[in-house]
Amino acid sequence: MSSSPQRAATPTGTRRVVVGVSGSIAAYKAPFVVRLLRAAGHEVRVVPTEAALRFIGAPALAAVSGHPVDTGVFDDPAAVEHVAVGEWAELVLIAPASADLLARLAAGRADDLLTATVLTTTAPVVVAPAMHTQMWLNPATVENVATLRRRGVTVIEPDSGRLTGADSGVGRFPEPERVVAEALAVLGGDGAPRAGAPAALTDQDLAGRHVVVSAGGTREPLDPVRFLGNRSSGRLGTLIAAEAARHGARATLVAANVGSDVLALLPAGVEVVPVGTALELEAAVRTACADAAAVVMTAAVADFRPAVVSGTKIKKHGLDGDGAGHGGASGAAKGDARPAPIELVENPDVLAGLVTRPPRTDGGRTLVVGFAAETGDATGDVLAHGAAKARRKGADLLAVNAVGDGVGFGDVDSAVVVLDRDGAEVARAAGSKGHIAAGLVNLIAARLA
């Protein structure tokens, strides 16, 4: 969105931000958002709804922002506040945004100062929804969010976690630091959208396309109890599938041991194919890709699996305590409680196989996008290992991301560098996993176009 010609210039790095607050229990967190913005040097005006003032008082919002607080278009009719505030704003951030407010914005309502301001402003609009899980996943809310995204509104994905009362699930208001970071990421140094940030969702630019995404981490069983696995939560892959669906694609998620809290991030209509092992994932992906325009391999697939899977639990001690309880495996002498060696065999390289043996059966071509989770070592950094893998795998695109303790796994900020099959950099994305998912899907849509 372009800047209004009536705006005066502001100092570099300083922005005029309107913080909208709607009637959600999370409204008590709005002052923290305002404080963070002001601490970063930005000027803030707060525009609450009447419902928001049932959760937090106008004096508190006025105190943290340093500006008077109004809610209605008739509080000062002569000032035509909704126009004045809309033209003043360089960014509108609604935090929290309730289900009711999302519905009113999607309908184009202008029945209070906040919704009227959104209709008049030419500044970027960012909303941070907060509501109960069932409300967030309701088809009406899903459609309202999709409508807003099509119009260029940035929607920050809510967190999963404890809600009001004893309930837990997706819909929790994100930490204020994340909300502020993602909102400011929409702006560049001159108030225009930041280069490299995800573009606004176009109107169903993946309609008629089938996009397959793998997510999670495979588990290779040792016995009925134990397995070899990894720490992948499947969150990024799930968000990519959700974003593809919002672009109009028919999306299939091949989910390797992905928790129900993460799967709750999916909008209605996304097909979920649950798998456990690397062999199961390979079969499911190849089947799903028979007519796929694109496949995105975010799943962490085990490189090896046990050569033999014990039919019974491998014991440390037998019934007589002699230590010979290792499922009959050799190498465990009587009285020796040390585990027998586990022989491993190599799993198929699912990503490379999609390149060398294309699975599409209708004569079309599938855009193959891989992921490389790297740590770096004495022989090279994360990007060096990623570039080598890009050349080795031959995928059309390879997203390289650093992982480790507290980095990359779960609901944490991340960063990826997208390489082509020659190892040359194509794009970068950083921030929340929702932000990265949006950027990657935009890139995929552009490639398919």
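Residue numbers run from 1 in the order of the sequence given.
For the side chain to side chain contact (heavy atoms under 4.5 Å, CB included) test with I94, the passing option among V126, V153, L105 is L105; the others fail.
Residues T238 and R235 have side chains that never bring a donor and an acceptor to within less than 3.5 angstrom of each other. Side-chain polar atoms of H42 and R15 form no donor-acceptor pair below 3.5 angstrom.
Note that CG of D303 and CG of D349 are 8.0 Å apart. Values are rounded to the nearest 0.5 Å.
Residue F32 places its CZ atom among 12 or fewer non-hydrogen atoms of other residues, nucleotides or ligands, all under 6.0 Å distant. Within a 6.0 Å radius of CZ in R392, other residues, nucleotides and ligands contribute more than 12 heavy atoms.
K433 has no carboxylate O lying under 4.0 Å from a charged side-chain N of E243, or vice versa, which leaves the two without a salt bridge. In this structure, R391 does not pair ionically with D422, as no charged nitrogen and carboxylate oxygen lie closer than 4.0 Å. With respect to the salt-bridge test (charged N to carboxylate O, under 4.0 angstrom), the residues E282 and R357 qualify.
Minimum heavy-atom separation, S233 to V258: O-CG1, 3.7 Å. Here the closest non-hydrogen pair linking V186 and T154 is CG2-OG1, 3.9 Å.
At a threshold of 4.5 Å between non-hydrogen side-chain atoms, the residues V441 and V211 do not count as touching.
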